Undergrad: 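Please find one structure pasted underneath; my questions will follow.
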Amino acid sequence: MLLRHARSLLFLPASNPRAIAKARDLPCDMVILDLEDAVPAHAKQAALDGAVEALTQGFGRRLAAVRINAEDTPSHGAEMVAIKGGAAHYVVLPKVESARQVKDVFGVTQKPVIAMIESARGVLAAPAIAAQEGCAGLFMGNNDLRRDLGIPPSADRAGLSHAMQAVVLAARAAGIAVFDGVFNRLDDETGLEIECAQGHALGFDGKTLIHPGQIPVANQIFGPDAQAVADARRLIEAATDGAERFEGRMIETMHVEEARAIVSRAEAVA
């Protein structure tokens, strides 16, 4: 599976072997073993050891990543060294505010980096971060970004809309994947549906998640439905060359490419 095809990207504490074992049966597209926020300081080394072992066993056809700690933390260097040469597909780097941070982690780990944009500085630097060699994707870190921007926790996402669109623009300009931030209210499925639909409309490829119960909603909203795939297949079959009429509308090469992308995504997550 290509990174841009991932719909559901689930964070799991690397210190929780039971949750890691269960993840091998979940329908998420990516498992992210978290060494940062989900793990207390005294458990960092055990979590790192657990992550390395879990990655060796693999997660089937799912993409696998590790979120390491930020560069100004004591465990950052050891985590990079441990991940180098391991089985992780990606390294998730939190609190990125410069392209240099991505360059450093990629240089040590030799793993593609997914940079988390969690501050005003990060948003403004997103074009340079996305264009840096080794950067494979961007994650929105909306919780920290809210705090940095002074947006109340109770407010909706209107105050984040400019930042989110700026990050999508940076990713698209660099030709890399981009994913919406986590949804915190675990018992609010309607709210999750609304937020996923909003993120999809803004152009995000998928959504980062913090609970297995959120996976079906993300998969449904960010994955093409059967009707969209059927429509795309008909368009591809009917198209010849240049501008032409198709089922009451005008299509051209751009629409054929869109249709092929829909089919490719559907086949990747089937």
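Given the structure is predicted, the values throughout are model-derived calculations rather than measurements.
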Undergrad: Which salt bridge (Lys or Arg N to Asp or Glu O under 4.0 Å) pairs, counting each pair once, include a residue from residues 137-153, with sequence neighbours left out?
TA: D144-R147

Undergrad: Should R185 and E195 be marked as a salt bridge (charged side-chain N to carboxylate O under 4.0 Å, His left out) after you check the CA-CA gap, both sets of side-chain angles, and the distance that decides it?
TA: CA-CA 11 Å; R185 299 191 298 277; E195 196 163 291; 5.7 Å; no

Undergrad: For E189, I'd like to know if atom CD has over 12 heavy atoms of other residues, nucleotides or ligands within 6.0 Å.
TA: no

Undergrad: Considering only heavy atoms from C-beta outward, does the side chain of Q214 approach that of L186 to under 4.5 Å?
TA: yes

Undergrad: Tell me whether the count of non-hydrogen atoms from other residues, nucleotides or ligands lying under 6.0 Å of CD in E237 goes above 12.
TA: no

Undergrad: Quick one: salt bridge (Lys or Arg N to Asp or Glu O under 4.0 Å) pairs with a partner in residues 172-182, sequence neighbours left out?
TA: R157-D180, R172-D205, D180-K207

Undergrad: Quick one: are the ring centres of F204 and F179 less than 6.0 Å apart?
TA: no

Undergrad: Taking atom CZ of R62 and atom OG of S8, what is their separation to the nearest 0.5 Å?
TA: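 Reported to 0.5 Å precision, the distance equals 9.5 Å.
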
Undergrad: Measuring only between side-chain heavy atoms, which start at C-beta, is N184 closer than 4.5 Å to I210?
TA: yes

Undergrad: Flag the pair V167 / V178 as yes when at least one side-chain heavy-atom distance between them is below 4.5 Å, and no otherwise.
TA: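 Yes; the side chains approach each other to less than 4.5 Å.
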
Undergrad: Between V66 and V91, is any pair of side-chain heavy atoms under 4.5 Å apart?
TA: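 With C-beta onward as the side chain, the pair stays apart.
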
Undergrad: Can you check whether Q220 reaches E193 side chain to side chain, under 4.5 Å on heavy atoms?
TA: no

Undergrad: What is the minimum heavy-atom distance between V31 and L12, and which atoms define it?
TA: CG1-CD1, 3.8 Å

Undergrad: Taking all non-hydrogen atoms of both residues into account, name the closest pair between I68 and E36 and its distance.
TA: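 Result for this residue pair: O-CB, 3.9 Å.
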
Undergrad: Taking the side chain as every heavy atom from C-beta outward, state whether D37 and R67 have any atom pair closer than 4.5 Å.
TA: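 In contact.
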
Undergrad: What distance separates I221 CD1 from Q198 CD, expressed to the nearest 0.5 Å?
TA: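 If I round to the nearest 0.5 Å, the distance is 11.0 Å.
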
Undergrad: What are the two closest heavy atoms between V102 and L93, and how far apart are they?
TA: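 The pair with the smallest heavy-atom distance is N-CD2, 4.2 Å.
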
Undergrad: Heavy atoms only: give me the nearest R4-A177 pair and the separation to one decimal.
TA: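 Scanning both residues completely, I find the closest heavy atoms to be CA-CB, 3.9 Å.
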
Undergrad: Is any side-chain heavy atom of M30 closer than 4.5 Å to one of L3?
TA: yes

Undergrad: Which pairs pass salt bridge (Lys or Arg N to Asp or Glu O under 4.0 Å) with one or both residues in residues 44-59, sequence neighbours excluded?
TA: none

Undergrad: Determine whether more than 12 heavy atoms belonging to other residues, nucleotides or ligands lie under 6.0 Å from atom CZ of R24.
TA: yes

